[in-house]
There are 2 protein chains.
Amino acid sequence: MSAPDRTVRAKGSTRHDHIVEDIRSLIVDGCWPPGSQIPVETELAERYGVSRMTMNKALGQLAREGFLVRRKKSGTQVAQPRAESAVVAIADIRDEVRNSGRAYRFHLLARRVRAAREEDALLLGSPPGRAEVLWLQGLHLADDHPFCLETRLINPEAAEGATGQDFGDLAPGAWLLEAVPWSVASHRVRAVNATAAEARLLALPVGEACLEIVRRTQAAGAWVTGVRLLYPGSEHQLVANFGPEAGDGPVRS
Amino acid sequence: MSAPDRTVRAKGSTRHDHIVEDIRSLIVDGCWPPGSQIPVETELAERYGVSRMTMNKALGQLAREGFLVRRKKSGTQVAQPRAESAVVAIADIRDEVRNSGRAYRFHLLARRVRAAREEDALLLGSPPGRAEVLWLQGLHLADDHPFCLETRLINPEAAEGATGQDFGDLAPGAWLLEAVPWSVASHRVRAVNATAAEARLLALPVGEACLEIVRRTQAAGAWVTGVRLLYPGSEHQLVANFGPEAGDGPVRS
DNA sequence: GCCTCAATTATGATTAGACATAAAGGAGGC
DNA sequence: GCCTCCTTTATGTCTAATCATAATTGAGGC
């Protein structure tokens with residue numbers, strides 16, 4: 001059995017990938033109903049003609065994705081779909097504009113270095129310290145048409161060189177990506193009515209529904225930046241394609 | 001070396017999990033800057049005192065999460081953070097209400113069996129067939145206060161027994177979960193202004209910004225249901241905690 | 001100097017074997 | 001009958017070894 005088998009197999013896909021897809025379709029198509037017990041690892045391994053390790057990898061992946069529930073001794077069951085939950089992606093603004101075939105441009109509206117205030121907690125999530133902050137406001141443009149209004153606070157201590165940067169037409173997000181490479185962020189998405197000032201900047205009627213995304217970014221323990229992105233609701237949307245629950249997804253730090 | 005090592009280790013965490021966390025913090029804290037070459041598998045394995053397979057599992061996971069880029073021969077590099085992208089979770093309505101400590105209730109407003117129309121394509125994503133559809137509208141209530149307005153189409157052919165169900169106070173989503181267990185769905189999130197009718201039902205001012213989630217569900221190739229959920233923007237929000245990009249995330253079928 | 005091709009090398013996949021762990025189920029004692 | 005303890009069993013983790021694959025590197029030919 002040490003000879004690798006040469007049976008036809010979808011090009012570029014591995015053995016356990018193939019098994020994962022096969023079992024997933026058995027579940028989604030209803031052949032294996034929720035709650036049903038599925039054969040034990042060793043039997044499935046034999047049936048697919050692979051080792052138990054490979055089968056384990058495939059079943060483990062399906063369990064992480066939420067399709068299977070595995071317990072020692074009890075064996076493996078098809079999961080009960082828990083809830084109508086899902087996961088949507090927030091894209092990078094520049095990528096999003098360019099992917100829609102339009103020209104991207106950033107235009108700085110205002111820029112100030114000032115002491116931190118109480119109201120900044122909205123963007124930072126925590127009560128602001130005594131330090132100075134860099135406050136920015138700018139527009140992301142698609143074909144020179146307003147696409148997204150950005151209001152941002154930057155911690156000059158965490159982002160070296162931020163106060164020396166003028167952000168004339170370089171989006172602060174893009175600059176921060178270079179300056180403070182790895183970071184973790186938390187996000188919040190809401191719908192809000194555009195205020196008069198916001199509506200004017202985005203060339204919208206006052207009160208127009210907008211998608212608001214607030215992102216707070218940390219690196220090495222300190223807050224780096226807090227940003228509020230305001231998208232005209234008519235123009236922007238988040239999209240996701242999805243099966244069961246999020247599983248453990250990416251990072252949780 | 002066949003004796004399992006008994007070095008102290010975070011309780012409940014496996015060896016590769018421990019390594020994953022360790023390396024992730026090296027990256028996030030900036031000790032390993034983006035683009036830098038990291039030691040080869042064999043050396044890291046030796047350094048952590050594990051086999052190459054275990055090291056491979058850890059590095060493979062970090063690569064799936066987007067922290068590392070691995071290429072044959074070239075070795076493994078710390079990834080360049082690509083973009084300010086992220087992923088947010090859409091929770092199940094009932095879970096969400098209950099998790100906020102309020103009582104959940106569903107209240108059916110209208111129910112109709114009728115022929116499919118052109119306008120239904122908005123909820124289905126595809127031009128409707130010639131068949132009949134079940135049309136429903138109802139309110140999700142939190143402590144008897146409007147929380148979410150649901151407008152739904154159901155395919156009676158794909159969801160057996162749907163026409164016989166009256167949905168008096170059972171949310172169609174919950175019922176469908178039982179009747180058509182496994183399915184895949186696509187989602188779209190937007191901000192919209194409440195129309196007069198919607199505002200009245202949700203007890204909001206006309207024009208109030210609302211979060212609109214449209215979900216289209218398929219199972220075994222046929223469309224099962226299309227639903228539009230309308231949340232008062234002031235009350236509802238999506239939240240995510242996140243590191244790098246989505247990786248490959250959950251399912252893509 | 002430049003191109004081609006083969007050797008090298010790091011990651012990727014797979015396997016068989018071993019031990020760990022948790023839980024179900026049954027045997028035995030009371 | 002009921003409780004306790006031990007055996008059984010299925011999954012979980014880890015290892016060492018092997019082959020596969022892709023890309024870089026360098027040697028040789030022109």
Side-chain angles (χ1 to χ4, degrees), chain A residues 1-23 35-79 247-248, chain B residues 1-23 35-79 247-248:
Chain A
M1 282 299 182
S2 76
D5 92 326
R6 291 243 145 274
T7 54
V8 282
R9 185 161 89 224
K11 199 188 89 168
S13 90
T14 62
R15 243 185 266 225
H16 59 262
D17 274 345
H18 178 253
I19 295 173
V20 164
E21 281 175 38
D22 191 54
I23 295 183
S36 65
Q37 201 78 20
I38 79 171
V40 297
E41 260 187 6
T42 48
E43 194 195 319
L44 280 172
E46 199 176 337
R47 201 183 290 184
Y48 279 101
V50 297
S51 74
R52 192 175 83 95
M53 272 296 285
T54 305
M55 202 64 221
N56 183 286
K57 198 169 180 179
L59 294 178
Q61 188 176 327
L62 284 162
R64 271 196 308 279
E65 289 177 6
F67 284 102
L68 296 177
V69 174
R70 315 194 75 190
R71 272 196 316 279
K72 296 184 184 187
K73 168 67 183 172
S74 320
T76 305
Q77 295 182 345
V78 178
D248 61 16
Chain B
M1 283 300 185
S2 76
D5 90 326
R6 289 244 146 274
T7 54
V8 282
R9 187 161 89 224
K11 197 187 88 169
S13 91
T14 64
R15 242 185 266 224
H16 60 260
D17 274 345
H18 177 252
I19 296 173
V20 164
E21 281 174 39
D22 192 54
I23 294 183
S36 65
Q37 201 78 20
I38 79 171
V40 297
E41 262 186 5
T42 48
E43 194 195 319
L44 281 172
E46 197 176 341
R47 200 182 293 184
Y48 279 101
V50 297
S51 74
R52 191 176 82 95
M53 269 298 286
T54 305
M55 202 63 221
N56 183 287
K57 199 170 179 178
L59 294 178
Q61 188 175 328
L62 284 162
R64 271 196 308 278
E65 289 177 7
F67 284 102
L68 296 178
V69 173
R70 315 194 74 191
R71 272 197 316 280
K72 298 184 183 186
K73 168 67 183 174
S74 319
T76 305
Q77 295 183 346
V78 179
D248 61 17

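Lettering of chains follows the sequences in order, A, B, ..., and the numbering in each one begins at 1.
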To the nearest angstrom, how far is A:L68 atom CG from D:dA10 atom P? 17 Å
A:Q37 CD to D:dA10 P: how many Å, rounded? 10 Å
Output the rounded distance in Å from CD (A:Q61) to P (D:dG12). 14 Å
Pairs under 3.5 Å (N/O, protein and nucleotides 6-12 of chain C):
from: C:dT9; atom 1: O4'; to: B:K73; atom 2: NZ; distance (Å): 3.4
from: C:dT11; atom 1: OP1; to: B:E41; atom 2: N; distance (Å): 3.4
from: C:dT11; atom 1: OP1; to: B:T76; atom 2: OG1; distance (Å): 3.3
from: C:dT11; atom 1: OP2; to: B:E41; atom 2: N; distance (Å): 3.0
from: C:dG12; atom 1: OP2; to: B:R70; atom 2: NE; distance (Å): 3.4
from: C:dG12; atom 1: OP2; to: B:R70; atom 2: NH1; distance (Å): 2.3
from: C:dG12; atom 1: N7; to: B:R52; atom 2: NH2; distance (Å): 3.4
from: C:dG12; atom 1: O6; to: B:R52; atom 2: NH2; distance (Å): 3.0

Quick one: A:Y48 OH to C:dT14 P, roughly how many Å, whole number? 14 Å
Tell me every residue that passes side-chain hydrogen bond (donor to acceptor under 3.5 Å, both in side chains) with B:R52, counting only those two or more places apart in sequence or in another chain. B:E41
Donor-acceptor contact below 3.5 Å, side chain B:E43 vs main chain B:I38: no
Determine whether B:T76 and B:L62 satisfy the following criterion, side-chain contact (heavy atoms from CB on, under 4.5 Å), listing intermediate values before the conclusion. CA-CA 11 Å; B:T76 305; B:L62 284 162; over 6 Å; no
With a 4.0 Å limit, can you tell me whether B:H16 has a side-chain N or O closer than that to the phosphate oxygens OP1/OP2 of D:dC14? yes
Among all residues two or more places apart in sequence or in another chain, which pass the side-chain hydrogen bond (donor to acceptor under 3.5 Å, both in side chains) test with A:E46? none
Given atom NE2 of A:H18 and atom P of C:dA13, what is their separation to the nearest angstrom? 16 Å
Report the C-alpha distance between A:I23 and A:F67 in whole Å, list the side-chain angles of each, state the deciding distance to 0.1 Å, and finish with yes or no for side-chain contact (heavy atoms from CB on, under 4.5 Å). CA-CA 9 Å; A:I23 295 183; A:F67 284 102; over 6 Å; no
B:I19 has an atom CD1; how far is it from atom C1' of D:dC14, in whole Å? 11 Å
Taking side chain as C-beta onward, heavy atoms only, is B:Q61 less than 4.5 Å from B:I19? no
Starting from the 5' end of DNA chain D, give me the residue, B:K57 or B:M53, whose nearest nucleotide shows up first. B:K57
Presence of A:R15 side-chain N/O under 4.0 Å of C:dT14 phosphate oxygens OP1/OP2: yes
